[in-house]
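Note sheet for the following structure.
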Amino acid sequence: MKKRIWMMSCAVALLTAGCTGRQAVRGTLEQQEAEAMPTNVAQALEQATKVSMHSVMYDSVNSISVWGLDKADQTPTEGFGMMVMKGGKKTTLPTIRNTREPLARYDAKTGDLWITSSEMEGTGVQVERLYKVRFRDDSTAYIAAQIAPYDVQQALAPRLSYTTDEQLLTLYADGEQIATIKDQMTDSMGGFDDESAVWIGEQLMFDIGGESPKVIVVPGVKYTTGLVLNYEQMPTLTTTLTLADDGTVSAGDIKKLYLPYVGSYVDVENNEPCLDITYRRQDGKYNVDMSLFRMTTFLDDGIGTVSDVGLDYTATDGEGLPIGGRIILQGDTLTVTFTDSQWDRIRKGQKVSFVKQ
């Protein structure tokens, strides 16, 4: 992992401080170019007779696929390199890293292929770079523009500020309050850091599932003692990004990301952990992984989409047949109603209730 940089420009401080009584949110990232593929890997890739790859995305409708490079003959690529294929035409993009589960999505309306790439990773750290890839007339791919995490940090930090009051921390975006948390760790950690208690940069990812890409940022809390940021109670923030072909980045309104269904749940009747719902940043849908008491896991491939009434999902049951349902959340209780089932162990209309762990 790269060195952590505690930094702040005077301009940021002046914009967020002043007579408001609020303090500036600071950034941990320093400006730098994306790492280049090691020379020995680049040479091996150029001379390779066989390249091992893993799938990142496959779009059968538009005949586009994205692959992460693993080995050039017997030489590991050390996490560097993507291959983009369109209609059988292969293009290698060696500078894009493929570690930490990169995401990709093709927008047929704009002709843009969005690819996320890990910039930094480690305990409590996940930082990504976003690439906009386009295709020439002969279907070869090229990087049209990219969003560096440092540029996102510098665009958002001047718009964020905070106040503290004993254990309470209130976060503001563009002068408007967006979240207040009660941090129980402040007493044992000597209180919030007097100079700057809130930082962004070490958890900065991209959501490419909508019409325009969004950035997802989790601010971290710094205490008087210790250098490790705490993220446990902090809100997740998001905003829409616009990336011009000249590399200029502009951001929309900063909002608190609301993902009510995401989490791990236990069966109310048997108190067994058996449902996990996670958000899919590549397409805006949800992974639904469910098992029921004394049954084998049968929803490990579930995909859900939010509707006006709940989260509707489809999956494969224990006998390989399609199964589906609707998930409704009321308070801390989540109810699954099976709306489509051919399995004799689950009847259509059956309900199961869960509570968040």
Side-chain angles (χ1 to χ4, degrees), residues 1-8 12 16 23-32 34-35 79 97 99-103 114-131 146-162 169-173 178-181 183 185 189 192-193 196-209 213-223 226-241 249 251-259 262-264 277-282 284 287:
M1 188 181 75
K2 295 173 185 169
K3 181 181 178 181
R4 173 175 302 161
I5 304 295
W6 303 108
M7 54 177 273
M8 176 185 180
V12 172
T16 53
Q23 292 180 268
V25 170
R26 303 190 183 188
T28 65
L29 303 177
E30 62 179 338
Q31 188 172 15
Q32 58 191 12
E35 285 188 65
R97 301 195 66 187
T99 58
R100 196 91 179 228
E101 298 184 359
L103 306 175
W114 297 101
I115 300 177
T116 67
S117 171
S118 178
E119 186 91 347
M120 295 173 60
E121 53 194 65
T123 303
V125 177
Q126 185 173 358
V127 181
E128 293 180 342
R129 182 178 292 259
L130 180 65
Y131 292 88
Q146 57 184 285
I147 302 178
Y150 173 82
D151 293 337
V152 176
Q153 171 188 278
Q154 296 304 94
L156 299 186
R159 300 170 55 188
L160 297 172
S161 57
Y162 70 94
L169 187 150
T170 302
L171 190 64
Y172 301 84
I178 57 174
T180 298
I181 66 166
D183 193 327
M185 291 183 62
M189 299 296 288
F192 295 112
D193 185 83
S196 184
V198 182
W199 298 75
I200 62 170
E202 290 193 353
Q203 290 198 16
L204 191 157
M205 299 147 284
F206 294 96
D207 178 350
I208 57 176
K214 297 179 181 179
V215 65
I216 297 175
V217 176
V218 183
V221 175
K222 186 171 182 286
Y223 305 104
L227 292 175
V228 178
L229 299 178
N230 178 39
Y231 298 93
E232 290 185 5
Q233 300 181 68
M234 293 299 285
T236 301
L237 308 180
T238 186
T239 182
T240 301
L241 299 175
V249 179
D253 294 338
I254 302 174
K255 301 178 181 179
K256 183 178 177 181
L257 183 61
Y258 183 56
L259 298 173
V262 170
S264 297
I277 301 177
T278 56
Y279 180 67
R280 295 162 53 96
R281 292 186 288 122
Q282 66 269 43
N287 289 320

Any side-chain heavy atom of V25 sitting closer than 4.5 Å to one from P219? no
How many angstroms lie between atom CG of D193 and atom CZ of R26, to the nearest 0.5 angstrom? 7.5 Å
Take T116 and M205 through the test side chain to side chain contact (heavy atoms under 4.5 Å, CB included) and record every step on the way to the result. CA-CA 8 Å; T116 67; M205 299 147 284; over 6 Å; no
Any side-chain heavy atom of L171 sitting closer than 4.5 Å to one from I181? no
Does any part of the side chain of L169, heavy atoms only, come nearer than 4.5 Å to the side chain of M234, both counted from C-beta? yes
Give, for atom NZ of K255 and atom OG1 of T236, the distance between the pair rounded to the nearest 0.5 Å. 15.5 Å
Identified side-chain contact (heavy atoms from CB on, under 4.5 Å) counterpart of E128 within the set R281, E119, Q203, E121: R281
Y279: what forms a ring pair (Phe, Tyr, Trp, His ring centres under 6.0 Å) with it, not counting sequence neighbours? Y286
Show your working on side chain to side chain contact (heavy atoms under 4.5 Å, CB included) between I178 and L237 and close with a plain yes or no. CA-CA 9 Å; I178 57 174; L237 308 180; 3.5 Å; yes
Nearest non-hydrogen partners of P235 and K256, listed with the distance: CB-CE, 4.0 Å
Quick check for you: to the nearest 0.5 Å, what is the distance between I200 atom CD1 and L156 atom CG? 5.0 Å
Mind listing the closest non-hydrogen atom pair of Y162 and Y172 along with its distance? CA-CD1, 4.0 Å
Shortest non-hydrogen contact from V152 toward V215: CG1-CG2, 3.7 Å
Test of understanding: with side chain to side chain contact (heavy atoms under 4.5 Å, CB included), list the residues that count as partners of A148, not counting sequence neighbours. R129, D151
Distance col, row M120:CE vs R100:CZ, nearest 0.5 angstrom, shows 11.0 Å
Min side-chain heavy-atom separation T28-L229 under 4.5 Å: yes
Is the backbone of Q23 close enough, under 3.5 Å, to the side chain of S161 for a donor and an acceptor to pair up by distance? no
pair D183-N230: side-chain heavy atoms closer than 4.5 Å: yes
What pair of heavy atoms forms the shortest contact from T239 to G252, and how long is it? OG1-O, 2.9 Å
Minimal non-hydrogen separation, L204 against P149, with atom names: CD1-O, 3.7 Å
Kindly check if the number of other-residue, nucleotide or ligand heavy atoms within 6.0 Å of CD (E101) is above 12? no
The criterion is side chain to side chain contact (heavy atoms under 4.5 Å, CB included); which residues satisfy it with T240, sequence neighbours excluded? S212, K214
With rounding to the nearest 0.5 Å, note down the distance linking CD1 in I277 to OG in S264. 9.5 Å
d(I216 CD1, F206 CZ) to nearest 0.5 Å is 10.0 Å
